Amino acid sequence: LGVSGVRAQEPAMNYDESRVPAYTLPDPLTMSDGRRVADAEGWMSERRPELLALFESQIYGKAPGRPEGVHFEVLSEDRYALSNMATRKEIAVYFTDDEEHFMTLLLYVPNKRTDAVPVFLGLNFKGNHTICDDPLVTPSTLRTEPGKGPSEGFPRAAAASRWPVEMLIANGYGLATVYRGDIDPDYDDGFQNGVHPLFYRDGQTRPAPDEWGTIAAWAWGLSRAMDYLETDEDVDAGRVAVIGHSRLGKAALWAGAVDTRFALVVSNDSGCGGAALARRRYAETVARINRLFPHWFCDNYKRYAGNEDALPVDQHELIALIAPRPVYIASAAGDKWADVKGEFLAGVHATPVYELFGSEGLYGTELPPADEPCMSGRIGYHVRSGGHDITLYDWRQFVKFADNYLK
Ligand code: GTR
């Protein structure tokens, strides 16, 4: 579908809970051929691969695996970062042999450690130098749409409120981050300037309808960051949590679904195409997201614009793909655009899969009160008061939840 075709099918935005249409969610425990999944083994060997392939071909697009040429170079290391509390490293993750294409991973690990540490890994929106007030972080090269970003790039520490590095370090966690633009700039350029062209077959000029969009590319980048973390002695690669806010929360969920090396997954305000159920058509819809961000998903996803009931999956099954690994879904009360209740219900409806593994998930039919996190099961949830953002409050809950599994 072209842009005008998508727009023609786009219904008015709904913010009224009473106007959420009746819908039937696909059952995560029923195979496409009607067979029931009986146990964890059947989930892992049959249903999980089936669902993963559907999400891949219909929503995010298939990504290549790890290219042979991937290799790493520690560009800098400083044991006296953050008032001597942390060691900072900057690592080039080269995507190919030729070292022309790479992303820069910024990593902090606590100096007070007796062993390899658990790490939170997440992409950042504005550049590695924006996550905290550390004067020695190499500024990322801004890669926004020509004419759209600030000409000087974003100032140092511009996003510091979203990255409580000192709090994580004090709690024994490392933090690793990459600028999203290093992997694929976030605008529609026909997939010419990110990682996609590195994988085009002869004569190919853009991804096929079932091949990766930008969100899958970001998720792929998170896996390449994990490739590095597996080699770093200061990091316990068995205890890496992948995290993201908003569009980068969509990427974190997809990375966690695809790549089982991630021990824990955190989605913050990920909304449509993230944790929120598509069939609720509440606020942002499949039609709208594909019109505004035609590069995020694979082209096949556009077929479900205004046609959500035809989707062979819904987002509760994305959460279920993470099972039995712990996942935390965070919403914000004022973030109606992300469909708070749809995010909560995705966790609730993923729960039967967690139960197959003998774990608890998330329960209820109504949203829990604001600022009262649910952490009794392996699907954590909270709705924070306030708007679309990731705050110190959110991170404190993620740390508390992670302490149950990664400590
Ligand atoms: C919005 C988009 C959301 C969410 C958000 C963000 O414009 O509609 O799906 O991803 O951007 O990333 O902040």
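The first residue of the sequence shown is numbered 1, and numbering continues consecutively from there. For ligands, and for the atoms within them, numbers begin at 1 and follow the listed sequence. What you see is a predicted model; the values in this text were computed from it and never measured.
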Asp134 vs Tyr108, test: side-chain hydrogen bond (donor to acceptor under 3.5 Å, both in side chains). Steps then yes/no. CA-CA 11 Å; Asp134 177 343; Tyr108 290 97; 2.8 Å; yes
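Here the side chains of Gln315 and Ile59 are in contact, with some heavy-atom distance below 4.5 Å.
Ring to ring, Trp337 and His388 are not that close: their centroids are 6.0 angstrom or more apart.
The side-chain contact (heavy atoms from CB on, under 4.5 Å) with Ile243 is formed by just one residue from the set Ile390, Asn268, Asp394; it is Ile390.
In this pair, Phe297 and Tyr60 present their aromatic rings tilted. The plane angle is within the 30 to 60° band. Below 30°, between 30° and 60°, or above 60°: for Tyr328 and Phe398 the angle between ring planes is above 60°, a perpendicular geometry.
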Put together the list of close N/O pairs, under 3.5 Å, between ligand 1 and the protein, could you?
{"unit_1": "ligand 1", "atom_1": "8 (O)", "unit_2": "Glu284", "atom_2": "OE1", "d": "3.1"}
{"unit_1": "ligand 1", "atom_1": "8 (O)", "unit_2": "Glu284", "atom_2": "OE2", "d": "2.5"}
{"unit_1": "ligand 1", "atom_1": "8 (O)", "unit_2": "Trp337", "atom_2": "NE1", "d": "2.8"}
{"unit_1": "ligand 1", "atom_1": "9 (O)", "unit_2": "Lys250", "atom_2": "NZ", "d": "2.8"}
{"unit_1": "ligand 1", "atom_1": "9 (O)", "unit_2": "Glu284", "atom_2": "OE1", "d": "2.6"}
{"unit_1": "ligand 1", "atom_1": "9 (O)", "unit_2": "Glu284", "atom_2": "OE2", "d": "3.4"}
{"unit_1": "ligand 1", "atom_1": "10 (O)", "unit_2": "Ser246", "atom_2": "OG", "d": "3.3"}
{"unit_1": "ligand 1", "atom_1": "10 (O)", "unit_2": "Arg247", "atom_2": "N", "d": "3.2"}
{"unit_1": "ligand 1", "atom_1": "10 (O)", "unit_2": "Lys250", "atom_2": "NZ", "d": "3.4"}
{"unit_1": "ligand 1", "atom_1": "11 (O)", "unit_2": "Arg247", "atom_2": "NH2", "d": "2.9"}
{"unit_1": "ligand 1", "atom_1": "12 (O)", "unit_2": "Ser246", "atom_2": "OG", "d": "2.7"}
{"unit_1": "ligand 1", "atom_1": "12 (O)", "unit_2": "Arg247", "atom_2": "N", "d": "3.0"}
{"unit_1": "ligand 1", "atom_1": "12 (O)", "unit_2": "Arg247", "atom_2": "NE", "d": "2.5"}
{"unit_1": "ligand 1", "atom_1": "12 (O)", "unit_2": "Arg247", "atom_2": "NH2", "d": "3.3"}
{"unit_1": "ligand 1", "atom_1": "13 (O)", "unit_2": "Ser246", "atom_2": "OG", "d": "2.7"}
{"unit_1": "ligand 1", "atom_1": "13 (O)", "unit_2": "His388", "atom_2": "NE2", "d": "3.2"}

